[in-house]
Protein chains: 2
Amino acid sequence: MGFREDVKKIKALTDENRLAIMLALQHGEKCGCDLLEELNITQPTLSHHMKILADSGLVDYYKEGKWMHYSISADGVREFREMIGSYARCDCETDESVSCGCKEKK
Amino acid sequence: MGFREDVKKIKALTDENRLAIMLALQHGEKCGCDLLEELNITQPTLSHHMKILADSGLVDYYKEGKWMHYSISADGVREFREMIGSYARCDCETDESVSCGCKEKK
DNA sequence: TATAAACATAGATATATTTCAATGTATCAA
DNA sequence: TTGATACATTGAAATATATCTATGTTTATA
């Protein structure tokens, strides 16, 4: 099972600061210094979070001189949502023939 | 910001066993004993994970005699995906006028 | 070259999470 | 009533995570 990679990607969104960063990037790219002003965290902490978001594929980045520019990855977002959808889904027409073994234990 | 609750919900899917449980429930409800047979974990560990999934709203349950019956919550899944989509999204037509402050520092 | 700015890395600490063994509770059956 | 089954709770141990301070690296500028 390749759950480990998916868990790692989903963990990108399990931190309040990283959620705030995703919202901050929704209207276009920003550099690290801009993000630092919006979030009450230190620069090393921001660096830590941006690495996690970039590794997940949700955030793209490029370096321009001294500045790192971050933006939401449209492809990353699409793939992320598809991946989430593969777990957060249900076959709503429940097939009783595959229901649980307790039925037979009665 | 109400990020804390969303982080808590997203954490429901950041464990390999809980992802396996979501897949195991995709074709209909199952009782705890069935899930125990599929997952190489102890009963208290399963109980722990089911509580987290139920608290997130992704999984419904009811008790029937000795047995707990678990199933995917269609409403929970829909709300979960909408919540994820509020963070994993981008306004793809980037408005340059709102780009980051570094532009002016040059 | 020397300095400053932006960012990354290393190390330490506090907290959170996963897991299990042991035990408790509720339900059913003999 | 007694024993067995299914599940929950408690407490402990190992691991992971978030955060900071201190420091290193890269780039631009005086």
Side-chain angles (χ1 to χ4, degrees), chain A residues 1 3-22 29-56 59-71 99-106, chain B residues 1 3-22 29-56 59-71 99-106:
Chain A
M1 331 183 173
F3 295 156
R4 194 161 305 149
E5 276 188 20
D6 287 341
V7 165
K8 189 177 175 185
K9 285 182 186 174
I10 301 170
K11 281 187 179 178
L13 294 190
T14 57
D15 178 272
E16 294 186 55
N17 284 312
R18 291 197 290 273
L19 291 187
I21 291 165
M22 291 299 289
E29 75 174 46
K30 291 193 178 179
C31 66
C33 28
D34 282 355
L35 291 171
L36 257 185
E37 289 179 5
E38 302 183 34
L39 310 166
N40 290 322
I41 56 178
T42 63
Q43 176 270 322
T45 300
L46 176 67
S47 186
H48 166 75
H49 288 310
M50 297 318 297
K51 180 169 171 50
I52 290 172
L53 285 172
D55 285 350
S56 78
V59 165
D60 280 335
Y61 60 91
Y62 64 92
K63 191 175 182 179
E64 182 201 28
K66 295 183 291 187
W67 296 290
M68 291 295 294
H69 293 262
Y70 298 104
S71 59
S99 73
C100 71
C102 294
K103 306 289 186 185
E104 293 115 45
K105 294 184 191 169
K106 283 191 281 195
Chain B
M1 330 181 175
F3 295 155
R4 194 162 306 149
E5 276 188 18
D6 287 342
V7 165
K8 189 177 175 185
K9 285 182 185 174
I10 300 170
K11 280 187 180 177
L13 294 190
T14 57
D15 178 90
E16 294 185 56
N17 284 313
R18 291 197 291 272
L19 290 187
I21 291 165
M22 291 300 290
E29 76 175 46
K30 291 194 178 179
C31 65
C33 31
D34 282 354
L35 291 172
L36 257 186
E37 288 180 6
E38 302 183 32
L39 309 166
N40 290 323
I41 57 178
T42 63
Q43 177 270 320
T45 300
L46 177 66
S47 186
H48 165 75
H49 289 309
M50 297 318 296
K51 180 169 171 51
I52 289 172
L53 285 172
D55 285 350
S56 77
V59 165
D60 280 336
Y61 60 92
Y62 64 93
K63 190 176 183 178
E64 181 201 29
K66 295 184 291 186
W67 297 290
M68 291 294 295
H69 293 261
Y70 298 104
S71 59
S99 71
C100 71
C102 293
K103 306 288 186 186
E104 293 115 45
K105 294 185 192 168
K106 284 191 281 195

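Just so we're on the same page: letters track the sequence lines, and every chain starts at 1. Please read all numbers here as calculations on a predicted model, not as lab measurements.
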Look at all strands and tell whether B:Leu35 reaches a base, only sugar-phosphate, or nothing, counting heavy atoms closer than 4.0 Å. nothing
Go through D:dA8, C:dC20, D:dT19 for me and flag the one nearest to the B:Ile41 side chain. C:dC20
In whole angstroms, how far is the C1' atom of D:dT19 from the CZ atom of A:Arg18? 12 Å
Using modelled atom types only, decide if a donor and an acceptor are shared between the side chain of B:Ser47 and the backbone of B:Pro44 within a distance under 3.5 Å. no
What orientation do A:Tyr61 and A:Tyr70 show, parallel under 30°, tilted 30 to 60°, or perpendicular over 60°? tilted
For a quick check of understanding: with a heavy-atom distance under 4.0 Å over all strands, which category does B:Tyr70 fall into, base, sugar-phosphate or nothing? sugar-phosphate
Which nucleotide in the list D:dC7, D:dT19, C:dC7 gets nearest to the side chain of A:Asp15? D:dT19
CD/B:Glu16 to NZ/A:Lys8 distance, rounded to the nearest 0.5 angstrom? 12.5 Å
I'd like a list of close polar pairs between nucleotides 23-28 of chain C and the protein, N/O only, cut-off under 3.5 Å.
none

Interatomic distance where NZ belongs to B:Lys30 and P belongs to D:dC7 [whole Å]: 14 Å
What integer distance in Å separates A:His69:NE2 from D:dT27:C1'? 13 Å
Report the nucleotide, chosen from C:dT19, D:dT17, D:dT19, that has the shortest atom-to-atom distance to any side-chain atom of A:His48. D:dT19
Specify the separation, in whole Å, of atom CG of A:Leu46 and atom C1' of C:dC7. 9 Å
Mind listing the closest non-hydrogen atom pair of A:Leu13 and A:Leu19 along with its distance? O-CD2, 3.5 Å
Given atom NE2 of B:His49 and atom P of D:dC7, what is their separation to the nearest angstrom? 16 Å
Heavy-atom closest pair (A:Ser71 atom, A:Glu29 atom, distance to 0.1 Å) is CB-CB, 3.7 Å
CD of A:Glu37 versus C1' of C:dA6: gap in Å, rounded? 13 Å
Heavy-atom nearest nucleotide on DNA chain D taken for B:Met50 and for A:Thr42; more 5' hit belongs to B:Met50
Rounded to whole Å, the CE-C1' distance (A:Met68 to D:dT25) equals 14 Å
Is the shortest side-chain N/O distance from B:Asn40 to OP1 or OP2 of C:dT19 below 4.0 Å? no
Backbone N/O of B:Ala12 and side chain of B:Arg18: donor-acceptor pair under 3.5 Å: yes
Give a yes/no on whether any side-chain N or O of A:Ser47 is located under 4.0 angstrom from OP1 or OP2 of C:dA8. yes
Whole-Å distance, A:Lys51 NZ to D:dA18 P, equals 14 Å
Of C:dT17, D:dC7, D:dT19, the nucleotide closest to the side chain of B:Lys11 is C:dT17
Quick check for you: to the nearest 0.5 Å, what is the distance between A:Leu46 atom CG and A:Leu36 atom CG? 5.0 Å
